[in-house]
Trainee: 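Sharing a structure below in structure tokens format, with a few things to ask.
Numbering of residues begins at 1 and proceeds along the displayed sequence. Both counts, for ligands and for their atoms, begin at 1 and track the order of listing.
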Amino acid sequence: MEDQAWHQLGEEQLLKVLGSDRDGGLTREKAEERLQTEGPNELAEKRGESPLKLLLNQFKDFMVLVLLGATVISGLLGEMLDALTIVAIILINGLLGFYQEYRAERSLRALKELSAPSAKVLRHGESLQIPARELVAGDIVFLESGDRVPADLRFLQCNELSVDESALTGESVPVVKTAGRLEAQDLPLGDRRNCGYLGTMVTRGTGKGIVTVTGMKTEMGKIADLIQKTEEADTPLQHRLEQLGKILIVVALALTVVVVLAGILHGQPIYEMFLAGVSLAVAAIPEGLPAIVTIALALGVQRMIKRRAIVRKLPSVETLGCASVICSDKTGTLTQNKMTVTQLWLAGRSIEVTGEGYEPVGVLKEGGKGIDARGDAALRRLMQIAALCNNSELTQQEKADDEKKRKPAKGEPAAANASEWTIKGDPTEAALLVAAAKTGLVKSTLQSLYTREKEYPFDAERKRMSVLVSHQGGKLICTKGAPDVLVGQCAYVLWDNQVVPFTATLRQKVLSANESMAKASLRVLGMAYRDVKAHEACERGEQAENGLIFVGLAGMMDPPRKEVKEAIYKCRQAGIKTVMITGDHGTTAEAIAKTLGIMGREGRAVTGTELTAMSDEELDKIAEEVQVYARVSPEHKLRIVQALQRRGHVVAMTGDGVNDAPAVKAADIGIAMGITGTDVTKEASSLVLSDDNFSSIVAAVEEGRGIYENIRKFIRYLLASNVGEIMTMFLAMMAGFPLPLVPIQILWVNLVTDGLPAMALGVDQAESDLMQHKPRSAKENIFARRLGWKIVSRGILIGICTLGAFVIALKAGAGHPQQLVHAQTVAFATLVMAQLIHVFDCRSSRSIFHRRLLENKFLVFAVLSSLLLMLAVLYVEPLQPVFKTVPLDLRDWALILVAAGIPTFAMGIGSVLGSSRRRNGGRKISYGGNSASAKLVRTR
Ligand code: ATP
């Protein structure tokens, strides 16, 4: 079937060959059967690393290989027990690393699946939204502006449909599509105007097509190998840490060499020093760092999913924490997108519409008195346009069983019927359908009288939509759209049931009615129509939407989302400015911005027209002060992003329509709407909101900040531990002491402390003031805010204290046959304990006293298991010769706990004293970006 010249077939033939039906699509059974035989509609993906390869990679590290070599030598020299233990430790370490990486990779793959595309199809007579991978040949799919073409298809119907095929043909100008058959036989892909191809993007209009081939049989499938080259980029932080890792390897190796040489100079046996040196190098190199960073990122991303934000590009997790401005759409993001028409306006008459939600029950009142719409020609005309120029559907569905059984609350009327009204399509249009139904006009009845011939689709640029309908031998254009735009297209107005010229005075009356409805936070749409002359050309919207007769206005309520006000307050505390960017009218936008607290009394709003008149320099000057941009076109969004970026902001920007994609792409964090967003915008975005809700952006920012802080926490812990280990050995060798730790102990410390506790820090709870600080700079060094100092100071102290305990134990045991082994055991226990105490310190940017000790259950579990493992090594008799330990008594433990506690507690007390002194001396403050509603924001 795949070798057909699809473009040459007529519609009947197409449907026959593909076994489909024009009005019903494929049957459910046929679709299922085809899915079984043809396979899913997806491009074969290159497989990731196999688990076995991932496991083997763990042992590829140069130092690990040296250690293995050294171990084999020591095994040959007769130290069999030593050798086996070291091999076992290396294996466990490798398994741990494997587990970390495997988990990281799996989480990343799960994320990819979440953002899989979907398609709108007609099956079994029903229009459905299904995952694009389930499409089969013969499926009839619907496309609209912003959709990604989900398979190769032949168009059956096109309404001003343009498709960007650059991904396939390299041609950057969108191709206008047509539905009829084409004669020519060997047409190149780019000229097959009646065909659509998988992976290309609809930039304009709407259309219907029948799937011809799917998956690897598509044109995209044929070149799939070429397009699979896109690499998963590391995040900037991962990249920087990789470089840091390289530096750390060099430093660790250099210090190890010094330790080994110093030991040999002071008379330590060469062989023993060599093994100790290699073990130290293995321990000191933070090989687990990249995997733990990935895990922290991936787990954080999963937490974000629970909070309804899906990360598409991992680097944006870091950028989220730096966001200083969030530019948000209004409709659906800040508001509920649950529209209800509450007011109509017709030639000076104001009509109230009662009723709530989508249930078409309500009455119309004029001057407080009910009116009968049946005898009101102008009102009927208004509602006719509203219902005909409309792609939404209103359906009545059975209520879920538990909803039916629910007892009505006090004061609530008992459920009159067991069904509820739901909508398909755009809520703005659905609200108009509901209002029309309240006047007795039902869309399906109207459609049987008025046949739709053509649609001039809505887009955010034109801010209007029209249809051409035929009725009793005549033709009619019905248009609805933003009133201020629509009046420009009208030459007449329906006033007191007469069509009269649209004079400046009448125009002004319409506009001031629009203004006063907008002041009441209503979203207002205007309706207009005209008769079409017999041979008039109405191919394009510009030709059709001219000389219209203005009929009236419909004002609809779209309540703000309840949780948004709180989220905006949170942003202000976090030094993040919120900006509303909307296609809606300025007055409506301002009214809602004020309700939500985006705009204060002296805030500033700018309209799209003003923006167009402004130069970039002028925009830069005012960008900081503006909280609302209204009646903007999508291309304005790009200018706003760029202006804010020039002012040094890290900008998060939402978008849904196809034309929003450039701005979403240019923003530091491009955010697409999961429900209303188009595929094009989703693909340009780094974050998708599964509930389209502004609060989810704030939740994602919060997680972004938390993840970054957690990464800092375990970097701090791992590096301070490593500095501690190196310092212990370094200082001992410099001072000419015997080895304070034997190689196996060093490896053991590394295994027990680097593994679970570090991972547990990666999922630590955020500090309570996480959202009360200004956003960090995107250029901030990971060691900023004194992290470097903390690592070095704690690390050195851990080294000194461990060595101190070793020396004291050594002196105290003078003359005892087990003197050295006992002192080494004390040093070993001190080092482990110091790290296990220090890990709690790492949870706080201030000190151990500033966090609840048992809050992080994973950490408590990790520390307890590390503690048990250490006690096992000390007290389980068969393990003692392996790890060269002796059991310790209470006096030893007193010494160990004091020495191990000093690094954390001494510094903690110092920090508490320091901060109380700072408090007395006054707090450093700065102001957030939002000048109109400036709030105190603490600097760190
Ligand atoms: P936001 O950008 O905040 O989501 P919005 O939904 O109001 O706001 P657009 O969808 O770009 O922005 O709509 C701009 C204007 O176009 C609206 O204010 C309205 O007047 C008009 N409009 C919206 N939807 C339709 C539609 N389906 N048909 C005709 N006109 C519409």
Trainee: Is the closest side-chain donor-acceptor distance between T340 and E356 under 3.5 Å?
Mentor: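 No, no side-chain donor-acceptor pair sits under 3.5 Å.
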Trainee: Please state which protein non-hydrogen atom is closest to atom 29 (C) of ligand 1 and give its distance, to 0.1 Å?
Mentor: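 Closest protein heavy atom to atom 29 (C) of ligand 1: K480 O, 3.3 Å.
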Trainee: What's the shortest distance from atom 23 (C) of ligand 1 to any protein heavy atom, and which residue and atom give it?
Mentor: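 The closest heavy atom on the protein side is R523 NH2, 3.4 Å.
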Trainee: One residue to check: T333. Relative to ligand 1, which of side chain, backbone, both or neither has a non-hydrogen atom less than 4.0 Å away?
Mentor: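 It is neither part, as no heavy atom is under 4.0 Å.
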Trainee: Considering only NZ, NE, NH1 and NH2 on the basic side and carboxylate oxygens on the acidic side, decide whether K475 and E536 come within less than 4.0 Å.
Mentor: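 Between E536 and K475 there is no salt bridge, as every charged N stays at least 4.0 Å from the carboxylate O atoms.
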Trainee: Which atoms of ligand 1 have any heavy atom of D329 under 4.0 Å away?
Mentor: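 Listed by number with element: 2 (O), 3 (O), 4 (O).
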Trainee: Consider only side-chain N and O atoms of R523 and T331, and report whether a donor and an acceptor are under 3.5 Å apart.
Mentor: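 On atom types as modelled, these side chains qualify, holding a pair under 3.5 Å.
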Trainee: Which ligand 1 atoms does D426 reach within 4.0 Å, using its non-hydrogen atoms?
Mentor: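 Numbered from 1, ligand 1 contributes 27 (N).
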Trainee: Does any N or O in the side chain of R631 come within less than 3.5 Å of the main-chain N or O of G583, such that one atom is a donor and the other an acceptor?
Mentor: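 At least one qualifying donor-acceptor pair exists.
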Trainee: For ligand 1, is N391 a contact, meaning one of its heavy atoms is under 4.0 Å away?
Mentor: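 Heavy atoms of N391 never come under 4.0 Å of ligand 1.
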Trainee: Does either side chain, that of E545 or that of S466, offer a donor lying less than 3.5 Å from an acceptor on the other one?
Mentor: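 Checked: E545/S466 side chains pair up, N/O donor to acceptor below 3.5 Å.
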Trainee: Counting from 1, what ligand 1 atoms have a heavy atom of V524 closer than 4.0 Å?
Mentor: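 Heavy-atom distances to V524 below 4.0 Å select 20 (O).
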Trainee: Taking distance alone, with no angle check, do A460 and ligand 1 share an N/O pair under 3.5 Å?
Mentor: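 In fact, backbone or side chain, A460 has no N or O that close.
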Trainee: Could you verify whether a donor N or O on one side chain and an acceptor N or O on the other, from Y450 and Q384, lie under 3.5 Å apart?
Mentor: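 Judged by distance alone, the side chains do pair up.
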Trainee: Salt-bridged, R204 to E461, with N to O below 4.0 Å?
Mentor: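 Salt bridge between R204 and E461, a charged N being under 4.0 Å from a carboxylate O: no.
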Trainee: Which residue owns the protein heavy atom closest to atom 2 (O) of ligand 1, what's the atom, and how far is it?
Mentor: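 Result for atom 2 (O) of ligand 1: G583 N, 3.2 Å.
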Trainee: Please determine whether a side-chain nitrogen of the Lys or Arg among K637 and D329 lies less than 4.0 Å from a carboxylate oxygen of the Asp or Glu.
Mentor: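 Between D329 and K637 there is a salt bridge, with a charged N closer than 4.0 Å to a carboxylate O.
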Trainee: Ignoring hydrogens and geometry beyond distance, is a side-chain donor-acceptor pair present between D616 and Q642 at under 3.5 Å?
Mentor: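 On atom types as modelled, these side chains do not qualify, holding no pair under 3.5 Å.
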Trainee: Check ligand 1 against A482 and write out every atom of the ligand that is under 4.0 Å from a heavy-atom position of the residue.
Mentor: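 Those atoms are 20 (O), 21 (C).
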Trainee: Starting from atom 19 (C) of ligand 1, locate the nearest protein heavy atom and write down its residue, its atom name and how far away it is, to 0.1 Å.
Mentor: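 Protein heavy atom with the smallest distance to atom 19 (C) of ligand 1: L525 CD1, 3.6 Å.
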Trainee: When only distance counts, is D584 in polar contact with ligand 1, meaning an N/O pair under 3.5 Å?
Mentor: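 There is such a contact, yes.
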Trainee: Do any nitrogen or oxygen atoms of K330 lie less than 3.5 angstrom from nitrogen or oxygen atoms of ligand 1?
Mentor: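 Between K330 and ligand 1, an N or O pair is found under 3.5 Å apart.
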Trainee: By the definition side-chain hydrogen bond (donor to acceptor under 3.5 Å, both in side chains), identify the one residue from T582, D584, D558 that meets it with K330.
Mentor: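 Only one option passes, and that is D584.
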Trainee: Identify, for atom 31 (C) of ligand 1, the protein heavy atom at the shortest distance, and state residue, atom and that distance.
Mentor: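 Protein heavy atom with the smallest distance to atom 31 (C) of ligand 1: F458 CE1, 3.2 Å.
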Trainee: Output the list of atoms in ligand 1 that are nearer than 4.0 Å to some heavy atom of G481, sorted by atom number.
Mentor: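 Near G481, meaning under 4.0 Å from one of its heavy atoms, ligand 1 has 29 (C), 30 (N).
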Trainee: What is the closest protein heavy atom to atom 8 (O) of ligand 1, and at what distance does it sit?
Mentor: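 Its nearest protein heavy-atom neighbour is T582 OG1, 3.0 Å.
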Trainee: So which bit of R631 gets within less than 4.0 Å of ligand 1, heavy atoms only: side chain, backbone, both or neither?
Mentor: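 Contact part for R631 vs ligand 1: side chain (C-beta onward).
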Trainee: Ignoring angles and geometry beyond distance, decide whether E429 reaches within less than 3.5 Å of ligand 1 through its nitrogen or oxygen atoms.
Mentor: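 By distance alone, the answer is yes.
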Trainee: Begin from the C-alpha positions of D376 and R349 and carry the test side chain to side chain contact (heavy atoms under 4.5 Å, CB included) through to its verdict.
Mentor: CA-CA 12 Å; D376 196 326; R349 298 164 58 197; 2.6 Å; yes
